[in-house]
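Got a structure for you, questions after.
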Amino acid sequence: MIYLDNASTTKVDETLKDIFDKYYFEDYFNPSSVYRPSVKIKREIENSRNIIANCLNVNSKTIFFTSCATESNNWAIWGKVSNKNTAEYVFTSVEHPSVFNIAKQLEQQEKIVHFCPINENGTVDENKLLNLINENTVLVSIMHVNNETGAINDIENIVKKIKEKNNNVFIHVDGVQAFLKLNVDLQKLNVDAYSISGHKVHAPKGIGVLYLKNPQKQKQLLFGGGQENNSRSGTENVASIIALGKIVEKESQNISKNYDNVENLKANMVDFFNKNLTDFVINANGSPYILNISIKGIKAEVLLHMLSDMEIYISAGSACSSKKKISRVLENMNVKKEYIEGSLRISFSTTNTLDEINTASKIIVEQIKKLREKMIWIKWF
Ligand code: PLP
C-alpha cells in the first residue's frame, strides 16, 4: 500500500505504542482522583501541555485539550457569538467544514456573516478581508494552511492589519494543517485562538488542542466536573494527551528537516507529472505537504477507485467534505469547468519514501491515461 492521504489522517507513530499500553492497561487512573498514581498522571498531562506550549511559544495556561480540532473550532467561535444584533462575523469562503458550517449556522440565526473571497492561488484576498472589518466586527476566522490546496495565509501580516482597523476583533485561526509542518510562533502571530488536531501529526484520533490567548474571557462549551482549569469539562483523554506531547517533543525539533524532505517528495512527483502528463493544472503553491492538481477530461472519483484497487490511497478534495462532488475551495479559486471534476489531493508525510513517490507517480499517470482512453471510447459509442 502507498498512503498519500496524510492531510486526511496519519499513521500513529509506532513509538507511541508503549504509552497506550501504559495508560490504558496499567496506569488507567482518573487524573482527578487524589491518590498518588492519579496525581502522577495529572503531572504527565501538565508536562504534555508544557511541551505543546513551548512549541507554540506561549504560556501553558493558554493551552486546552479537546477531543478534536472540530471541537476546538466550535469552542473558539461559539464562545464569541454575541447577543448584539449589530455584531458581525467574518470567515473566508474556503474554511474547513468545521468552521464553514458554523458560519452557515450563524447565518441561519440571522447573524451578520461575511464570507471573504480568495485569490486564484487559494490565499485570502487581504484587501477584501480588510474591507469587511469595521467597528461591529466581533470575530474573524481564517485558516493557516488550506486542507485541500495547501495554500498558506500570511497570518502575522493579516492579524496586524485587522488589529490596526479594530483592535477588539477576536481572531481565530484553524492551524490544523500548519501545526508541526510550519514553524508556528503564536506570540508572533498574535492570534486570539488557534486550533490543532492530533491525528494529522501522527498522534491518535480524538485529541485536539485549542490555544486561547485570554481563556478567562472565553465562554465555556462543555460544563461538568471542571477539568482543564474549569474551561472544558470531561475526564481527560490521558493516553492521547501524553502521546501528543511525545510527538510534539520529538517532531518540533525536526520541522525544517521534515519540510525539506517532504518538499523533495512533492517536487519529484510534480516533475514526473510535468514530464509525463498533459492537460493538468496545479492548484496553489503553498505547503509542501499538499499537492492539489486538476486533470482535464477525467472524473477524480473514478480514478480514485482505480487507484484504490491498486492500494494507492489519495483523495479528491478533502475526505471531510467527500459527499460533495465538486470542491467549494476549487470553485472559489475559479478552477476551470473542464478541469474541476478531475481534481486530486495528494498529501505527503515525512514517513513517505522517494520509492513510494516514484511508484505512485508512475501508476497515477498510467491510470489517468487509461481513464482518458476509456472516456474517448465512451464518447464514441
Ligand atoms: N480543520 C482542518 C483544516 C482540517 O483539515 C481538519 C480535518 O480534516 C479539521 C479542521 C478537523 O479536524 P478533526 O478531525 O480533528 O476534527
Side-chain angles (χ1 to χ4, degrees), residues 3-12 52 63-78 91-105 118 122-124 140-153 155 171-182 184 189 191 193-211 221-222 232 234 237 240-241 243-244 247-248 283-284 286-292 313-324 327-330 332-333 343-349:
Y3 184 75
L4 293 172
D5 199 16
N6 292 282
S8 168
T9 198
T10 53
K11 181 181 175 187
V12 175
I52 294 164
I63 297 295
F64 297 88
F65 292 111
T66 62
S67 64
C68 56
T70 299
E71 183 191 325
S72 302
N73 288 342
N74 272 267
W75 182 13
I77 297 168
W78 287 115
F91 299 87
T92 82
S93 53
V94 295
E95 292 300 309
H96 183 268
S98 59
V99 169
F100 191 77
N101 289 335
I102 305 175
K104 288 282 165 198
Q105 196 63 36
I118 52 162
T123 58
V124 67
V140 174
S141 185
I142 171 173
M143 66 205 319
H144 199 165
V145 174
N146 185 276
N147 53 298
E148 289 191 37
T149 63
I152 304 174
N153 286 312
I155 299 295
I171 304 176
H172 164 250
V173 171
D174 176 343
V176 167
Q177 301 291 347
F179 181 60
L180 284 190
K181 294 172 180 159
L182 307 178
V184 176
L189 297 186
V191 296
Y194 197 88
S195 305
I196 288 167
S197 176
H199 72 103
K200 311 289 183 177
V201 294
H202 300 282
K205 295 165 186 68
I207 181 71
V209 167
L210 180 64
Y211 157 78
L221 190 65
L222 300 182
R232 192 272 184 191
N237 183 352
S240 295
I241 289 173
L244 180 59
I247 283 290
V248 176
N283 303 311
S287 166
Y289 286 84
I290 296 177
L291 170 63
N292 189 308
Y313 302 120
I314 62 170
S315 155
S318 79
C320 303
S321 55
S322 58
K323 280 194 201 94
K324 194 169 179 279
S327 154
R328 162 171 51 84
V329 176
L330 299 182
N332 275 283
M333 284 169 71
S343 299
L344 308 177
R345 179 187 69 180
I346 299 158
S347 50
F348 308 94
S349 158

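Counting starts at 1 for both ligands and their atoms, following the listed order. Remember, predicted model here, so these are calculated numbers, not experimental data. Side chains are part of it too, since the values below use all heavy atoms of this structure and drop only hydrogens, waters and symmetry mates.
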(request) Quick one: look at Thr70 and ligand 1, take heavy-atom pairs under 4.0 Å, and tell me if it's side chain, backbone, both or neither. (result)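 Thr70 to ligand 1: contacts from backbone and side chain alike.
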(message) Measuring from atom 9 (C) of ligand 1, which candidate in His144, His96, Lys200, Glu95 has the nearest non-hydrogen atom?
(response)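 It is His96 whose heavy atom sits nearest to atom 9 (C) of ligand 1.
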(message) Under a plain distance cut-off of 3.5 Å, with no hydrogens placed, do Ser349 and Thr10 share a side-chain donor-acceptor pair?
(response) no
(request) Between Gln177 and ligand 1, find which residue part has any heavy-atom pair under 4.0 Å and reply side chain, backbone, both or neither. (result) side chain
(message) Let me confirm one number: the CG-OG distance from Asp5 to Ser347, rounded to the nearest 0.5 Å.
(response) 4.5 Å
(message) Is it the case that the side chains of Asn153 and Thr123 hold a donor-acceptor pair, with the cut-off being a distance below 3.5 Å and no angle test?
(response)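 No - no donor-acceptor pair under 3.5 Å links their side chains.
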(request) Heavy-atom contacts with Ser197 under 4.0 Å: which atoms of ligand 1 show up? List them by number with element. (result) 13 (P), 15 (O)
(message) Going by side-chain contact (heavy atoms from CB on, under 4.5 Å), name the residues that satisfy it together with Ala76, two or more places apart in sequence or in a different chain.
(response) His172, Ala193, Leu210
(request) Ignoring hydrogens and angles, tell me if any N or O in the side chain of Asn146 forms a donor-acceptor pair with the backbone of Glu148 under 3.5 Å. (result)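 Indeed, once roles are kept as given, a pair shorter than 3.5 Å links the two residues.
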(request) Heavy-atom contacts with Cys68 under 4.0 Å: which atoms of ligand 1 show up? List them by number with element. (result)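 Within the 4.0 Å cut-off of Cys68, ligand 1 contributes 13 (P), 15 (O), 16 (O).
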(request) Within a distance under 4.0 Å of any heavy atom of Ser98, pick out the atoms of ligand 1 and give their elements. (result)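 Those qualifying, in numeric order: 10 (C).
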(message) Pairs of nitrogen or oxygen atoms closer than 3.5 Å, one from His199 and one from ligand 1: do any exist?
(response)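 Yes, since at least one N or O of His199 sits under 3.5 Å from an N or O of ligand 1.
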(request) Indicate yes or no: does an N/O atom of Ala69 lie under 3.5 Å from an N/O atom of ligand 1? (result) yes
(request) Go through the structure and list residues passing side-chain contact (heavy atoms from CB on, under 4.5 Å) with Ala284, not counting sequence neighbours. (result)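 Here the qualifying residues are Thr149, Ala151, Met333.
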